[in-house]
**Q** 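A single structure is presented below for examination.
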Protein chains: 2
Amino acid sequence: MRELIAKYREKGFKLTPQRLAILNFLDGNTSHPTADDIYREIKKNYPAVSFATVYNTLQALRDRGKVAEITIDFQKKHYDPDIRPHHHIICTECNKIADVFQDYSEALRLPYNIKGEFQSTGNHVNFYGICKKCRNLSRYVSKRENKKRRTKLCA
Amino acid sequence: MRELIAKYREKGFKLTPQRLAILNFLDGNTSHPTADDIYREIKKNYPAVSFATVYNTLQALRDRGKVAEITIDFQKKHYDPDIRPHHHIICTECNKIADVFQDYSEALRLPYNIKGEFQSTGNHVNFYGICKKCRNLSRYVSKRENKKRRTKLCA
DNA sequence: TTACAAATTTAGAATTATTCTAATTTAGAT
DNA sequence: ATCTAAATTAGAATAATTCTAAATTTGTAA
């Protein structure tokens with residue numbers, strides 16, 4: 001992200017204040033925000049900012065390989081400015097996502113029948129689990145109740 | 001799926017004609033359909049069928065662990081009636097999904113820092129690649145052009 | 001059988017996520 | 001300072017999914 005700001009003059013990437021704000025928000029951010037999370041954050045300083053700007057910027061970054069889309073959440077996409085190859089784990093109670101830095105590439109070999117059909121270009125492991133906070137909370141609140149809750153109890 | 005039909009009397013699961021049609025469509029289906037795919041299929045025989053019915057049924061099946069949701073596609077959910085643990089590969093050109101029956105569980109150990117934070121309940125590997133058909137087509141059609149295409153050239 | 005309660009169906013509205021549009025503004029090059 | 005390509009905006013459009021409330025149907029049990 002930082003290095004992108006440094007090299008923002010790269011062909012066809014204009015650095016607007018809104019973009020700078022998005023880049024700054026993403027830089028070093030390990031919260032795996034959704035487009036909406038980003039929109040709401042930028043809106044604090046740029047109340048007129050449009051959703052289109054957020055999606056535009058994310059698309060520009062994505063096209064340049066500067067941000068990764070994560071499909072671990074069944075509801076919506078999350079974005080990760082850390083583009084080093086890694087995997088993720090999501091808490092199925094509160095949807096908190098954490099990075100899993102572990103190289104499984106040696107083990108993730110495709111079976112032969114697939115190799116004949118597909119030429120693999122990458123992989124990503126989704127882990128599912130319960131985070132510490134939710135594990136504690138679930139002693140007092142049923143899972144069903146917890147899931148319906150709009151406001152997350154943890155995180 | 002079949003065994004579900006046999007045991008459909010299980011507490012609180014009513015077998016309506018629409019449901020039976022959905023169950024029959026899903027049974028042994030390896031195409032990983034979306035809710036919309038299912039809706040369109042059932043509509044052929046039940047023109048009045050509602051989207052809500054499809055989602056209702058899928059939710060009922062999901063709650064009973066009879067169907068798996070797949071998050072490999074960035075656009076929408078796919079459903080898999082094969083509930084044996086397995087993984088998937090998606091063609092990034094035409095979105096065709098194939099099953100990957102390979103047990104990676106031995107290798108997919110979480111790093112210690114994550115183990116302290118999360119209690120893992122499962123994992124799923126998403127593989128990305130290009131299928132044979134698209135590999136051949138891409139000789140003639142640029143990737144960009146191909147992506148914009150509404151009608152898939154392959155599949 | 002018939003009656004009934006609970007579950008399911010339906011059309012359609014509502015929500016949510018994402019993308020597109022067209023007019024206006026702005027960044028960065030000259 | 002000027003200019004053009006790119007980015008911004010509000011708002012509409014699209015797409016995926018969920019919800020609602022009224023009508024219907026299933027499976028059970030008298």
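Proteins come first, then strands; the chains are lettered A, B, ... in the order of their sequence lines, and each starts at number 1. Atoms considered below: every heavy atom in the structure, side chains included; atoms not considered: hydrogens, waters and symmetry mates.
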**Q** Write down the distance between CZ (A/Phe13) and P (D/dT4), rounded to a whole number of angstrom.
**A**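 These atoms are roughly 24 Å apart.
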**Q** Hey, can you pull the residues of residues 45-58 of chain B with a non-hydrogen atom under 4.0 angstrom from DNA chain C?
**A**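 Listed by number, they are B/Ala48, B/Val49, B/Ser50, B/Ala52, B/Thr53, B/Asn56.
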**Q** Looking across every strand, which nucleic acid part, if any, lies under 4.0 Å from A/Gln59 by heavy atom: base, sugar-phosphate, or nothing?
**A**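 Answer is nothing: A/Gln59 stays at 4.0 Å or more from every strand.
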**Q** Between C1' on D/dT17 and NE2 on B/His78, what's the gap in Å once rounded to a whole number?
**A**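 After rounding, the reported distance stands at 14 Å.
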**Q** So, are A/Glu106 and A/Arg109 salt-bridged, with charged N and O less than 4.0 Å apart?
**A**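 A salt bridge is present here (some side-chain N lies under 4.0 Å from a carboxylate O).
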**Q** Would you say A/Lys76 reaches C/dA17's phosphate, i.e. side-chain N/O to OP1/OP2 under 4.0 Å?
**A**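 Affirmative; the distance criterion is met.
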**Q** Toward the 5' end of DNA chain C, which comes first, A/Asp36 or B/Thr16, by nearest nucleotide?
**A**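 Taking each residue's closest nucleotide, the earlier one in sequence belongs to B/Thr16.
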**Q** Taking everything shown except B/Arg62 itself, do over 12 heavy atoms lie less than 6.0 Å from its CZ?
**A**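 Yes, because the 6.0 Å sphere around CZ of B/Arg62 holds more than 12 heavy atoms from other groups.
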**Q** Check the phosphate of C/dT10 against B/Gln18, side-chain N and O only, distance under 4.0 Å to OP1 or OP2. Yes or no?
**A**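 Indeed, a polar side-chain atom of B/Gln18 lies that close.
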**Q** Given atom NZ of A/Lys43 and atom P of D/dT8, what is their separation to the nearest angstrom?
**A**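 It works out to 15 Å between those atoms.
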**Q** Using whole Å, what does the distance between atom P of nucleotide D/dT17 and atom CD of B/Gln75 come to?
**A**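 From B/Gln75 CD to D/dT17 P: 11 Å.
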**Q** Here's a test for you: under side chain to side chain donor-acceptor pair (under 3.5 Å), which of B/Asp80, B/Asp73, B/Asn126 qualifies with B/His88?
**A**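 That would be B/Asp80.
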**Q** Looking at B/His87 versus B/Tyr104, is the centre-to-centre ring distance below 6.0 Å?
**A**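 Centroid distance B/His87-B/Tyr104: below 6.0 Å, so yes.
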**Q** Round to the nearest Å and state the distance from B/Phe74 atom CZ to C/dT19 atom P.
**A**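 Interatomic distance, CZ of B/Phe74 to P of C/dT19: 12 Å.
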**Q** Flag this pair as yes if the NZ/CZ of B/Arg19 is under 6.0 angstrom from the six-membered ring centre of B/Phe13 and inside a 45 degree cone about the axis; otherwise no.
**A**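 Yes, cation above the ring, under 6.0 Å and within 45°.
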**Q** Just to verify, what does A/Gln119 make a side chain to side chain contact (heavy atoms under 4.5 Å, CB included) with, not counting sequence neighbours?
**A**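 A/Gln119: side chain to side chain contact (heavy atoms under 4.5 Å, CB included) contacts with B/Arg135.
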**Q** Under 6.0 Å between ring centres, would you say that holds for A/His86 and A/His124?
**A**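 No, they do not, as the ring centres are separated by 6.0 Å or more.
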**Q** For A/Asp63 and D/dA7, give me the distance from atom CG to atom P, rounded to whole Å.
**A**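 In whole Å, D/dA7 P lies 11 Å from A/Asp63 CG.
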**Q** Under 3.5 Å, is there an N or O donor on one side and an acceptor on the other linking the side chain of B/Lys14 and the base of C/dA6?
**A**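 Check passes, donor-acceptor contact within cut-off.
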**Q** Mind calculating the distance between OH (B/Tyr79) and P (D/dA16) to the nearest angstrom?
**A**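 Atom-to-atom, B/Tyr79 to D/dA16, this comes out as 12 Å.
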**Q** May I have the distance from B/Ile42 (atom CD1) to C/dT10 (atom C1'), rounded to whole angstrom?
**A**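 Distance, rounded to whole Å: 16 Å.
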